[in-house]
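This report refers to the structure that appears directly beneath it.
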Amino acid sequence: MPRREDIEKVLLIGSGPIEIGQAAEFDYSGSQACAALREVGVKVVLVNSNPATIMTDPEMADAVYVEPLTAETVAEIIKKERPDGIVAGLGGQTALNVTSELAKMGVLEDYDVEVLGTPIEAIENTENRDKFKKKMKEIGEKVPRSKAVCSLEEAKEVVEELGFPVIIRPAYTLGGTGGGVAKSMGELEEIVERGLKRSRIDQVLVEESVLGWTELEYEVMRDSSDTCITVVNMENFDPMGIHTGESIVVAPSQTLSDVEHQMLRTAAIKIIRALGVEGGCNIQFALNRETGEYTVVEVNPRVSRSSALASKATGYPIARIAAKIAVGLNLFEIPNQVTKETPASFEPTLDYVVVKIPRWPFDKFHGVDRKLTTQMKSTGEVMAIGRTLEEAFQKAVRSLDIGQMGFSPERRKERTSPEEIEKLLKEPTDERIFAIYDGLKIGFTIDKIKKLTSIDPFFIQKIKNILDMEEEIKKAEKLTLEYLKKWKQNGFTDEQIAKLRGVNREDIADLRRKLRIKPTYKMVDTCAAEFEAKTPYFYSTWEEEHEVEPSDRKKILILGAGPIRIGQGIEFDYSSVHAVQALREEGIETLLLNNNPETVSTDYDTSDRLYFEPLTLEDVVNVIEREVPYGVIVQAGGQTSVNLAVPLQKELERRDDLDTKILGTSPDRIDTAEDRNRFKSMLEDLGIPQPESGIAKS
């Protein structure tokens with residue numbers, strides 16, 4: 001059916017400030033929704049309290065309110081603006097909670113405001129743990145044995161029946177806030193009391209453990225005519241027991257049989273239909289690989305961090321389509337903006353592999369508990385695309401901006417003690433992926449690591465493949481074209497190869513160019529090239545055929561900020577997007593390079609061409625070689641891109657074939673400001689007083 005004519009004005013609730021478990025993904029989804037609704041002639045009233053987001057730019061909506069996200073404040077805005085409908089599912093947990101409170105207060109009924117898309121009942125059936133369990137039982141879907149409780153005494157009674165360990169899941173919270181895994185009475189008391197305080201309705205679910213089972217996610221869409229599709233299925237590298245936002249995630253799933261995939265896909269569609277969700281929905285399953293048994297772990301009746309990842313992994317804009325579904329359009333009526341030929345009812349197909357790794361703040365907070373549980377601690381994430389899992393893994397590791405090009409020790413501590421490695425493998429932390437590498441290096445078998453971690457042997461083998469290839473790089477008698485190409489196809493950078501060979505990075509880079517080994521750029525097209533795509537959204541790999549043809553227009557490359565972390569947040573995504581908009585106004589073609597799947601800057605239509613790549617010297621220079629831009633802007637992407645200014649300038653100066661400039665403040669002036677010694681000397685030369693200081697390097 002066409003867009004509903006009775007919906008002329010819509011209130012869109014944002015997600016508020018960036019916090020652990022709620023990063024830039026809701027700025028991305030909200031911005032997409034604003035654009036989508038205005039495209040179909042609906043006026044948008046936006047309320048959000050975050051000034052650092054693109055979403056609160058005045059031009060994003062017809063009216064923008066930068067106000068606290070409380071039910072009382074939003075009620076006043078409803079009274080003034082009189083919207084016909086409210087969209088709750090695009091502003092994360094905050095928007096869902098506010099909408100639920102408005103409904104309970106009678107505000108929506110008093111002002112005749114309809115909840116568009118996912119109804120209140122569906123929100124309650126997923127967020128209220130007891131109702132969710134009952135709804136799943138109604139439709140014959142198994143959930144772990146559990147009971148929703150409102151006190152510690154009740155929780156203790158449940159544990160007597162279930163035994164330890166148990167998983168605690170607070171109701172109406174984001175990112176598993178307040179939850180965790182309790183393995184003893186002391187841990188139960190601590191987690192339940194914390195969870196009850198964090199829950200909006202003072203309720204937690206005490207759930208039997210399915211620790212060690214495989215965790216899988218299905219991103220599903222449904223419209224009002226009951227058409228359903230699965231956008232993508234994603235497999236957690238980490239087993240159950242770690243929040244999916246804390247897990248390394250691979251898309252599409254790599255270890256499922258077709259029988260298992262069809263079983264879970266059928267269940268996902270059955271669940272979204274039973275709940276009546278209209279729009280996007282994230283459904284999480286736990287699968288016992290030994291018995292074939294599965295349970296439904298959780299359903300998010302809204303866009304989430306996983307939705308942002310699914311959107312960027314496939315090119316399928318979940319939030320944009322969900323917004324159009326909310327005002328009555330059906331999937332077959334919404335064109336796929338990527339192909340311009342197929343409708344949104346076509347399920348995406350991937351001919352590449354995607355790896356997501358979370359970015360944790362532990363480098364800023366030494367001494368804190370680094371254990372990963374069902375409560376999120378990561379501040380952001382990176383995404384990498386490759387044609388092999390090894391390539392995508394290594395690209396994701398170097399995208400983290402932690403001084404690691406791959407798995408081998410660079411800035412991290414190498415562990416050689418079997419006892420220390422075994423402990424890290426048993427108790428998951430942010431370092432576990434590197435502990436797997438270290439364990440393999442000192443002789444741990446794949447089977448031993450599987451027993452310690454419950455990680456599928458397929459993934460452990462992939463890390464072993466990288467380790468084995470490092471040995472091959474060290475021992476190869478001659479660097480032939482075949483060797484170099486093979487190593488590049490498995491994600492090794494020039495710098496990694498150079499270190500393993502004991503030579504300079506420049507030596508490997510020059511040899512590679514001499515042998516004409518260059519990356520090819522492939523398109524993220526949603527359809528595995530079955531239809532011609534119009535979207536300029538690319539990733540690098542090492543094959544024969546390019547899918548990007550550079551134009552002759554004047555163009556500028558903007559370097560993004562990478563993952564959100566402490567001290568480098570969404571503000572640099574904001575500045576990157578504004579840099580793109582300003583250059584476009586001047587008729588200049590814009591290229592953007594970034595690796596953060598949660599942001600507006602990595603939306604397929606923000607820039608003229610998007611490169612989803614690590615922010616390292618080699619990856620940036622590779623794009624420059626292909627596109628030959630007039631200049632590069634490093635100042636919009638925060639510290640990550642600024643740190644590339646000096647090495648990039650040196651590389652451009654040493655290369656006769658590259659005629660690209662670094663625009664804005666010169667790298668030398670940037671270095672003067674960043675280098676404490678040079679800055680001190682400059683102030684002394686200018687006679688500007690400063691606190692007495694000295695430079696320490698150890």
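Since the structure is predicted, the reported quantities are computational estimates derived from the model, not experimental observations. Quick note: residue numbers are just sequence positions, from 1.
Around the NZ atom of Lys364, the shell of radius 6.0 Å holds no more than 12 heavy atoms that belong to other residues, nucleotides or ligands. Counting heavy-atom neighbours within 6.0 Å of Asp659 CG, excluding the residue itself, gives a total of 12 or less. Asp552 CG: 12 or fewer foreign heavy atoms inside a 6.0 Å radius. Within a 6.0 Å radius of CD in Glu545, no more than 12 heavy atoms belonging to other residues, nucleotides or ligands are found. Annotation: Tyr630, atom OH; neighbour count of heavy atoms from other residues, nucleotides and ligands within 6.0 Å does not exceed 12. More than 12 heavy atoms of other residues, nucleotides or ligands shown are found within 6.0 angstrom of CZ on Arg553.
Here CD1 of Ile433 is found 11.5 Å from CG of Asp438. Values are rounded to the nearest 0.5 Å. Expressed to the nearest 0.5 Å, how far OH of Tyr437 lies from CD1 of Ile466 amounts to 9.5 Å. To the nearest 0.5 Å, atoms CD1 (Ile318) and CD (Glu25) are separated by 12.5 Å. Leu515 CG to Lys485 NZ: the interatomic distance, rounded to the nearest 0.5 Å, is 11.0 Å.
Electrostatic pairing of Lys464 and Asp468 counts as a salt bridge here, judged by a charged N lying under 4.0 Å from a carboxylate O. The pair Lys441-Glu470 does not meet the salt-bridge criterion, since no charged nitrogen lies less than 4.0 angstrom from a carboxylate oxygen. Ion pairing between a basic and an acidic side chain is recognised when a charged N comes within 4.0 Å of a carboxylate O; Glu495 and Arg398 show no such pairing. Look at Glu627 and Lys555 and you find a salt bridge, because one of the NZ, NE, NH1 or NH2 atoms lies within 4.0 Å of a carboxylate O, short of that distance.
In the model, Arg565 has a side-chain atom that pairs as donor or acceptor with a side-chain atom of Thr640 under 3.5 Å. A side-chain N or O of Tyr574 and one of Asp57 form a donor-acceptor pair less than 3.5 Å apart. Counted by atom type alone, Glu613 and Ser540 present one or more donor-acceptor pairs between their side chains at under 3.5 Å. A donor-acceptor pair shorter than 3.5 Å cannot be found between the side chains of Thr606 and Asp603. No side-chain donor from either of Glu390 and Gln394 sits under 3.5 Å from a side-chain acceptor of the other. Side chain to side chain, Lys522 and Thr541 fail the donor-acceptor criterion of an N or O pair below 3.5 Å. In the model, Thr672 has a side-chain atom that pairs as donor or acceptor with a side-chain atom of Arg678 under 3.5 Å. Between the side chains of Gln496 and Ser408, not a single donor N or O lies within less than 3.5 Å of an accepting N or O.
Between the side chain of Glu547 and the backbone N or O of Met523 there is at least one donor-acceptor pair closer than 3.5 Å.
Aromatic ring pairs are classed by plane angle as parallel below 30°, tilted from 30° to 60° and perpendicular above 60°; the pair Trp360 and Phe362 is parallel. Ring planes of Phe459 and Phe237: tilted class, angle from 30 to 60°.
Contact annotation: the side chain of Arg501 never approaches that of Asp507 to less than 4.5 Å [non-hydrogen atoms, C-beta and beyond]. Side chains of Asn50 and Asp27 form no contact here, defined as non-hydrogen atoms less than 4.5 Å apart. The shortest distance between side-chain heavy atoms of Asp510 and Arg654 falls below 4.5 Å. At a threshold of 4.5 Å between non-hydrogen side-chain atoms, the residues Pro428 and Glu246 do not count as touching.
Here Asp657 pairs with Arg655 under the salt bridge (charged side-chain N to carboxylate O under 4.0 Å, His left out) rule; sequence neighbours left out.
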Any chance you could lay out the salt bridge (charged side-chain N to carboxylate O under 4.0 Å, His left out) test for Glu589 and Arg609, step after step, and finish with the verdict? CA-CA 8 Å; Glu589 186 175 320; Arg609 290 180 193 269; 3.4 Å; yes
Between Thr244 and Met234, is a side chain to side chain contact (heavy atoms under 4.5 Å, CB included) present by the stated rule, with each step listed? CA-CA 10 Å; Thr244 187; Met234 300 182 282; over 6 Å; no
With a cut-off of 3.5 Å and sequence neighbours excluded, list every side-chain donor-acceptor pair involving residues 683-696.
from	atom 1	to	atom 2	distance (Å)
Gln690	NE2	Lys680	O	3.2

